[in-house]
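This report concerns only the one structure given below.
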There are 2 protein chains.
Amino acid sequence: MLSLTCKTAIKAVIYLASKFESGEKSGIKEIAEFIDASEHTVGKMLQTLVKAEVINSAKGPTGGFFITGKQKNQAIIKIIDAVDGKNVFEECGLGLSKCSATHQCPIHNDYKVVRDKFKTLCQQKKVSDLCDTVNDGLAYLVG
Amino acid sequence: MLSLTCKTAIKAVIYLASKFESGEKSGIKEIAEFIDASEHTVGKMLQTLVKAEVINSAKGPTGGFFITGKQKNQAIIKIIDAVDGKNVFEECGLGLSKCSATHQCPIHNDYKVVRDKFKTLCQQKKVSDLCDTVNDGLAYLVG
DNA sequence: ATAATAAAAGCATTTAAATACTTTTATTAT
DNA sequence: ATAATAAAAGTATTTAAATGCTTTTATTAT
């Protein structure tokens, strides 16, 4: 459903959220190492997130990437929209270019239920929620 | 969730199912044209389906691909298992290589619900069910 | 002002999926 | 038996995503 880069993006933002309390900024290398992803992929993707105002950045010494309290309270769908685009949640289950109630593929109705359920999940889960599970040792970003 | 080839496979099998009554066999070109897919991709993929006994084939003149009554009554998960492999329904929502109840990613529980719902859909929908919706003009294989 | 630091940006390479091409094998009708 | 047909199989190319590398720009501390 989501691209590898998008999954990496969600993990990176969760990591930044975990640094919110301390106010620390994080560099590309540090983030990539922690979430076990390619440094270059992470760099490109973080730029995308900055442009979409999902996270922030500062250049120069003491610079790095960081997140605000407001951004921490955003749902993860914001990350998905920024990285994979808005029509992730509109795609046909059988790959038809135009699949809707009026011209549908054979699994349209059932697939829509699943897809919508995933969308709701992405709309409801906040970055802070996911960050909490990691902080509490209930979930992990690698493995 | 599913590869393009797998989506193509489901459409191809539905097409073959629609030819079951008449007993006609269908060639690669005919199938590819009807479902609007690459002839070469369809050829390779049909071989995979034959090996997995999801469909049948016959070489030579009057040969082609066809489906039996028993095969028509199979669930579409058989097609998915054959083309994309069995662990489509085990994959982690955030791309962790090992994500389970004991070592989970931050969205594991919610994602599992969605994934399992999709799996159930694929286990319940028979080729014949999908074929019927197309025959009845309620659904399409192209567009 | 200068040097150091770190993100931003542009371009190149790699990888895997999809698509394309060619040859081989089996089968059927003549 | 032979020729025609169509799947099977093997190899090659293309495409898009991911990854890698290099240069540029902005910022901060000295």
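These values consider heavy atoms only, across backbone and side chains, with no hydrogens, waters or symmetry-generated copies. Chain A is the first sequence line, chain B the second, and so forth, proteins listed ahead of strands; every chain is numbered from 1.
Put simply, chain B comes within 4.0 Å of DNA chain D, heavy atom to any atom, from D:dA4 to D:dT11, going 5' to 3'.
Rounded to whole angstrom, the span from the CD atom of B:Glu39 across to the P atom of C:dC21 amounts to 10 Å.
Scanning residues 7-15 of chain A for heavy-atom distances under 4.0 Å to DNA chain D yields an empty list. Near DNA chain C, meaning a heavy atom under 4.0 Å away, the residues from residues 43-60 of chain B are B:Lys44, B:Lys59, B:Gly60. Of the residues in residues 25-36 of chain A, none has a non-hydrogen atom less than 4.0 angstrom from any atom of DNA chain D.
Partner A:Cys122 forms a side-chain contact (heavy atoms from CB on, under 4.5 Å) with one of A:Ile10, A:Ile79, A:Ile77 and no other, that one being A:Ile77. The side-chain contact (heavy atoms from CB on, under 4.5 Å) test with A:Lys119 is passed by exactly one of A:Arg115, A:Lys117, A:Gln123: A:Gln123.
Side-chain N/O atoms of A:Thr5 and A:Ser3 include no donor and acceptor closer than 3.5 Å. Judged purely by distance below 3.5 Å, without hydrogens or angles, the side chains of B:Asn56 and B:Gln71 pair a donor atom with an acceptor atom.
Environment of NZ in B:Lys112: sparse, with no more than 12 heavy atoms of neighbouring residues, nucleotides or ligands closer than 6.0 Å. The 12-atom threshold is exceeded at NZ of B:Lys19, counting heavy atoms of other residues, nucleotides or ligands nearer than 6.0 Å.
Looking at A:His103, its side chain does come within 3.5 Å of a backbone N or O of B:Val142 through a donor-acceptor pair.
Residues A:Ala17 and A:Val127 approach most closely at CB-CG1, 3.6 Å, considering heavy atoms.
Listed by first and then second residue, the salt bridge (charged side-chain N to carboxylate O under 4.0 Å, His left out) pairs involving residues 71-96 of chain A are A:Glu21-A:Lys72, A:Asp81-A:Lys86 (not counting sequence neighbours).
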Pairs counted as Watson-Crick or G-U wobble with both distances under 3.5 Å: what dot-bracket string results for DNA chain C, using | for bases tied to another strand? ||||||||||||||||||||||||||||||

Go through the steps to decide whether B:Asn135 and B:Ser18 satisfy the test side-chain contact (heavy atoms from CB on, under 4.5 Å), and finish with yes or no. CA-CA 7 Å; B:Asn135 286 343; B:Ser18 76; 4.0 Å; yes

Verdict with supporting geometry, B:Phe118 and A:Phe118, side-chain contact (heavy atoms from CB on, under 4.5 Å): CA-CA 11 Å; B:Phe118 183 58; A:Phe118 183 57; over 6 Å; no

For B:Leu49 and B:Phe65, run side-chain contact (heavy atoms from CB on, under 4.5 Å): C-alpha distance rounded to whole Å, both residues' side-chain angles, the deciding distance at 0.1 Å, then the answer. CA-CA 10 Å; B:Leu49 293 180; B:Phe65 296 91; over 6 Å; no

Test side-chain contact (heavy atoms from CB on, under 4.5 Å) on B:Ile76 and B:Lys126 and set out the steps. CA-CA 6 Å; B:Ile76 58 169; B:Lys126 293 176 181 180; over 6 Å; no

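Remark on DNA chain D: of its neighbouring residues B:Thr62 and A:Asp84, the 5'-side contact belongs to B:Thr62, judged by nearest-heavy-atom nucleotide.
Both A:Ile55 and A:Leu141 sit in one connected hydrophobic cluster of ILVMFWY residues. Membership requires side-chain heavy atoms under 4.5 Å apart, directly or through other members.
In this model, the phosphate group of C:dA20 is not approached by any side-chain N or O of B:Thr41 to a distance below 4.0 Å at OP1 or OP2.
Salt-bridge annotation for B:Asp129 and B:Lys125: absent, with no side-chain N of the basic residue lying under 4.0 Å from a carboxylate O of the acidic one.
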